[in-house]
Amino acid sequence: MSVQPSTTTTAATGDFANRLLDWYDREARTLPWRVPPGSRAVPDPYRVWLAEIMLQQTTVAAVTGYFTGFTALWPTLADLAAADDADVMAAWAGLGYYARARNLLACARAVVADHGGHFPDDEAGLRALPGIGDYTAAAVAAIAFGRPAVVVDANIERVVARHRRIEVPLPAAKRAIRAALAPFVPAARPGDFAQALMDLGARICTPRAPDCAHCPIADDCRVRGTSDAVRLPVKPPRKAKPHRHGVAHWIRSDDNVWLERRAPRAMLGGMRALPGSEWTDAPPRESAIAEVRHSFTHFDLTLKLVARESPDAAAEGEWWPIAELDAAGLPTLYRKLVDRMRESDG
DNA sequence: TAGACGTGGGT
DNA sequence: TACCCAAGTCT
């Protein structure tokens, strides 16, 4: 036996990956976009990519129905690339972070135009596409193409920060987390390894109540069963959210209501919406026929609905049947207002 | 680099 | 209730 550190490191890292993969073989979640461990099926890069974009900052429960809907409407990358913007934005409505949907289309079209309709099969090529950052490039490279990429999402940050007891606060800790994880990535099953860590973070090494008793990598975990497990990773303090106010216009003609499309780079950009004022710090004086409160990531909003006779002369938009507003693809903020109107109108 | 960017569910 | 959290990316 060699006495070189690399030899012992290899044994230890191999054992770590094997314990994790054995657990994953038994406990993997069944998900619509996932090829089960042990399956002979080959992952479809389109489905892997689509799921990864949808899952950014979004729960599995929220994504599942949207993933099913998108793959039914657009079964292949070419189908999505050829879709109308309005249809894709409407199908995304309610999922949030709408820049993802705009970039989704831009990415699909770039792959068709610049890559012959096939995703690049390495991190660098993927990373250059719209909406694909460090995480998604690594995840698609590992899961769809079997590349030994170091995949680090919020689950994996938590698992590794605890397992190695990394005290550096996020996001600075990311570098140390990557460095700690890199030696453990197995060449044979890098995609399953990444998904195993994510499942572990979602089911065992959870933020508030880690279940160390059932953790497959607890043996060499530096915080196993201690209060440090709940304390880590260290996160920066949160800032207070401001409160803003706005007015939306309810412009009705017979059984239709006037909708406009929001500017591409604005909040809720590219989405159909009720027209209205800019959102400001001061509440409006107009008298409202309805009102909703909505909480965004970085501010809270009170939006008043005010009746108007007709759209602005220069406004571009469309009359939409009120009975069919569910199909308009409104962001949740506006869907709340619309629902309020339907309750009161009967 | 820090702030912008949605939404729903859990505690 | 209020806050935290979720398979991040872009500028």
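Here is how names work: the chains are called A, B, and so on, in the same order as the sequence lines, proteins then strands, and each is numbered from 1.
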Visitor: Relative to the 5' end of DNA chain C, which residue comes earlier, A:Arg265 or A:Lys235, by the nucleotide with the nearest heavy atom?
Guide: A:Lys235
Visitor: 5' to 3' on DNA chain C, which nucleotides open and close the contacts with chain A (atom under 4.0 Å from a heavy atom)?
Guide: C:dC4 to C:dT11
Visitor: In whole angstrom, give the distance that lies between atom NZ of A:Lys239 and atom C1' of B:dA2.
Guide: 8 Å
Visitor: Should A:Arg127 and A:Asp134 be marked as a salt bridge (charged side-chain N to carboxylate O under 4.0 Å, His left out) after you check the CA-CA gap, both sets of side-chain angles, and the distance that decides it?
Guide: CA-CA 7 Å; A:Arg127 182 68 178 80; A:Asp134 290 341; 2.7 Å; yes
Visitor: Once ring pair (Phe, Tyr, Trp, His ring centres under 6.0 Å) is applied, what residue pairs with a partner in residues 220-242 of chain A remain, sequence neighbours excluded?
Guide: none
Visitor: So what does A:Ser295 hit on the nucleic acid, given a heavy-atom distance under 4.0 Å: a base, only sugar-phosphate, or nothing?
Guide: base
Visitor: Please work out which residues in residues 41-70 of chain A have a non-hydrogen atom less than 4.0 Å from an atom of DNA chain B and list them by number.
Guide: A:Gln57, A:Thr58
Visitor: Counting only side-chain nitrogens and oxygens, does A:His294 get under 4.0 Å of the OP1 or OP2 atom of B:dT7?
Guide: yes
Visitor: Between A:Arg262 and A:Trp279, is NZ or CZ placed under 6.0 angstrom from the six-membered ring centre and within 45° of the ring axis?
Guide: yes
Visitor: Could you tell me how far apart A:Lys241 (NZ) and B:dG3 (P) are, to the nearest whole angstrom?
Guide: 15 Å
Visitor: Could you tell me how far C:dA6 sits from B:dC5 if I compare only their C1' atoms? Round to whole Å.
Guide: 15 Å
Visitor: Reckon A:Ile156 touches a base, only the sugar-phosphate, or nothing at all at heavy-atom distances under 4.0 Å?
Guide: nothing
Visitor: Could you check how far CZ of A:Arg244 sits from P of B:dG3, rounded to whole Å?
Guide: 14 Å
Visitor: Could I get the full list of side chain to side chain donor-acceptor pair (under 3.5 Å) partners for A:Arg293, not counting sequence neighbours?
Guide: none
Visitor: Categorize A:Pro331 for me: base, sugar-phosphate, or nothing, with a 4.0 angstrom heavy-atom threshold over every strand shown.
Guide: sugar-phosphate
Visitor: Would you mind reading off the distance between A:Asn103 atom CG and B:dC5 atom P, rounded to a whole angstrom?
Guide: 14 Å
Visitor: Which heavy-atom pair separates A:Ala137 from A:Leu126 by the least distance, and what is that distance?
Guide: O-CD1, 3.6 Å
Visitor: Does A:Leu31 reach a base, just sugar-phosphate, or nothing at all? Heavy atoms under 4.0 Å.
Guide: base
Visitor: What's the NE2-C1' distance between A:His298 and B:dA2, to the nearest Å?
Guide: 13 Å
Visitor: Taking only residues two or more places apart in sequence or in another chain, which ones pass ring pair (Phe, Tyr, Trp, His ring centres under 6.0 Å) with A:Phe184?
Guide: A:Phe16
Visitor: How close or far is atom C1' of B:dT7 from atom CG of A:Leu337, stated in whole angstroms?
Guide: 16 Å
Visitor: The side chain of A:Met267 lies closest to which of these nucleotides: B:dC5, B:dT7, B:dG10?
Guide: B:dC5
Visitor: Categorize A:Arg127 for me: base, sugar-phosphate, or nothing, with a 4.0 angstrom heavy-atom threshold over every strand shown.
Guide: sugar-phosphate
Visitor: Mind checking the P distance from B:dG3 to C:dC4? Whole angstroms is fine.
Guide: 16 Å
Visitor: Between A:Arg19 and A:Asp220 (salt bridge meaning N to carboxylate O under 4.0 Å), is one present in this structure?
Guide: yes
Visitor: Considering only atom P, compute the distance from C:dA7 to B:dT11 and round it to an integer number of Å.
Guide: 15 Å
Visitor: Please report, rounded to the nearest Å, how far the P atom of B:dG10 is from the CZ atom of A:Arg208.
Guide: 12 Å
Visitor: Tell me the ring pair (Phe, Tyr, Trp, His ring centres under 6.0 Å) pairs involving residues 60-81 of chain A, sequence neighbours left out?
Guide: A:Trp33-A:Phe67, A:Phe70-A:Trp74, A:Phe70-A:Trp92
Visitor: Rounded to whole angstrom, note down the C1' distance from C:dT9 over to B:dT1.
Guide: 14 Å
Visitor: Go nucleotide by nucleotide along DNA chain B from the 5' end; which of A:Phe296 and A:Pro171 gets its closest nucleotide reached first?
Guide: A:Pro171
Visitor: Students often get this wrong, so: under 4.0 angstrom with heavy atoms, is A:Gly94 touching a base, only sugar-phosphate, or nothing?
Guide: sugar-phosphate
Visitor: Which whole number of Å gives the distance between the P atom of C:dC10 and that of B:dG8?
Guide: 24 Å
Visitor: Under a 4.0 Å N-O cut-off, is there an ion pair linking A:Lys336 with A:Asp339?
Guide: no
Visitor: Does A:Arg272 come within less than 4.0 Å of A:Glu260, counting only side-chain N to carboxylate O?
Guide: no
Visitor: With a 4.0 Å cut-off on N to O distance, would you call A:Arg244 and A:Asp300 a salt bridge?
Guide: no
Visitor: Given that A:Asp153 and A:Leu129 both sit by DNA chain C, which one's nearest nucleotide is further toward the 5' end?
Guide: A:Asp153
